[in-house]
2 protein chains.
Amino acid sequence: MKRTHPGALREILATNLRRIRAEKGLSQDALADLCEIDRTYISGVERGLRNVSIDTLERLATGLRLEPWLLIRRPDADR
Amino acid sequence: MKRTHPGALREILATNLRRIRAEKGLSQDALADLCEIDRTYISGVERGLRNVSIDTLERLATGLRLEPWLLIRRPDADR
DNA sequence: TTGTGACTTGCAGTCCGTC
DNA sequence: GGACGGACTGCAAGTCACA
């Protein structure tokens with residue numbers, strides 16, 4: 001695969017997604033099922049290889065039952 | 001143009017972007033300059049016609065000097 | 001100053017696998 | 001359970017002329 005890797009935001013998404021998914025006790029496969037997104041794609045997102053669109057971000061958030069913006073928010077809160 | 005139009009999240013982005021840009025007193029052209037994104041592309045985003053990727057979202061946020069997640073946050077805060 | 005249609009190109013997103 | 005590869009389709013990305 002080895003896609004392009006330019007944005008810092010994908011790293012944040014990657015980390016958040018992996019953490020939240022783990023907290024919910026879901027496998028990538030299970031989440032893929034909930035979101036109706038391919039499992040290999042989820043894998044790519046969690047490794048920061050994929051440049052996700054906001055439509056897809058929304059589907060991920062819906063599958064996880066949370067607000068989309070929580071997935072791209074920085075862990076350490078500053079302005 | 002009339003691109004596809006499925007996500008609710010783009011409506012939120014559209015509204016937020018237009019509001020915030022106006023608050024900063026920027027024209028689409030001026031913002032396009034700051035973000036290094038084409039003016040017509042921004043126009044499409046502000047009308048919810050474009051399914052923006054998070055890399056692009058990041059560039060918009062950088063141009064506006066704010067956190068990316070603020071652009072996709074719902075105005076009225078509930079769950 | 002912004003909206004819009006038309007266009008090309010590269011990659012988002014899916015599906016089949018293996019390790 | 002997850003990382004990773006190959007091949008494919010559709011659409012995001014990016015630009016233009018004009019209203």
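Quick note on labels: first sequence line is chain A, next is B, and so on, each numbered from 1.
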To the nearest angstrom, how far is [X] atom [atom1] from [N] atom [atom2]?
X     : N      : atom1 : atom2 : value
A:L49 : C:dT14 : CG    : P     : 16 Å
B:I54 : D:dA12 : CD1   : P     : 15 Å
B:E58 : D:dA13 : CD    : P     : 13 Å
A:Y41 : D:dT9  : OH    : C1'   : 14 Å
B:L60 : D:dA12 : CG    : C1'   : 13 Å
A:R59 : C:dA12 : CZ    : C1'   : 12 Å
B:L9  : D:dA12 : CG    : P     : 14 Å

Q: Report yes or no: is there a donor-acceptor pair, N or O only, under 3.5 Å between the side chain of B:R50 and the base of D:dA13?
A: yes
So, is [X] close to the [N] phosphate, meaning a side-chain N or O under 4.0 Å from OP1 or OP2?
X     : N      : result
A:S53 : C:dG13 : yes
A:N51 : C:dA12 : yes
B:R18 : C:dT1  : no
B:R47 : C:dT4  : yes

By salt bridge (Lys or Arg N to Asp or Glu O under 4.0 Å), B:R59 pairs with (sequence neighbours left out) none
side-chain hydrogen bond (donor to acceptor under 3.5 Å, both in side chains) filter on B:D29, not counting sequence neighbours, yields none
Residues passing the side-chain hydrogen bond (donor to acceptor under 3.5 Å, both in side chains) test with B:D33, sequence neighbours excluded, are none
- Report the C-alpha distance between B:R73 and A:E67 in whole Å, list the side-chain angles of each, state the deciding distance to 0.1 Å, and finish with yes or no for salt bridge (Lys or Arg N to Asp or Glu O under 4.0 Å). CA-CA 8 Å; B:R73 192 176 186 196; A:E67 293 284 326; over 6 Å; no
What residues 19-39 of chain A contributes to the DNA chain D interface at heavy-atom separation below 4.0 Å is A:R21, A:S27, A:Q28, A:R39
Applying salt bridge (Lys or Arg N to Asp or Glu O under 4.0 Å), run through B:R10 and A:E58 and close with a yes or a no. CA-CA 9 Å; B:R10 12 177 134 174; A:E58 190 172 19; over 6 Å; no
Listing for DNA chain D: consecutive Watson-Crick or G-U pair runs of at least 3, distance cutoff 3.5 Å, ranges ordered by first number, gives C:2-19 with D:2-19
(request) Please confirm whether the backbone N or O of B:Q28 pairs with a side-chain atom of B:R39, one donor and one acceptor, at under 3.5 Å? (result) no
With sequence neighbours left out, the residues meeting side-chain contact (heavy atoms from CB on, under 4.5 Å) with A:T56 are A:I37, A:Y41, A:V52, A:S53
_Is any side-chain heavy atom of B:L17 closer than 4.5 Å to one of B:L31?_
yes
Next on the checklist: Do B:R19 and B:T15 pair up side chain to side chain, a donor and an acceptor below 3.5 Å, judged on atom types alone?
Outcome noted: no
- Task: Describe the nucleic acid contact of B:S43 in one word from base, sugar-phosphate, nothing, applying a heavy-atom distance below 4.0 Å.
- Result: base
Nearest-nucleotide check on DNA chain D, B:T56 vs B:T40; residue mapping nearer the 5' end is B:T56
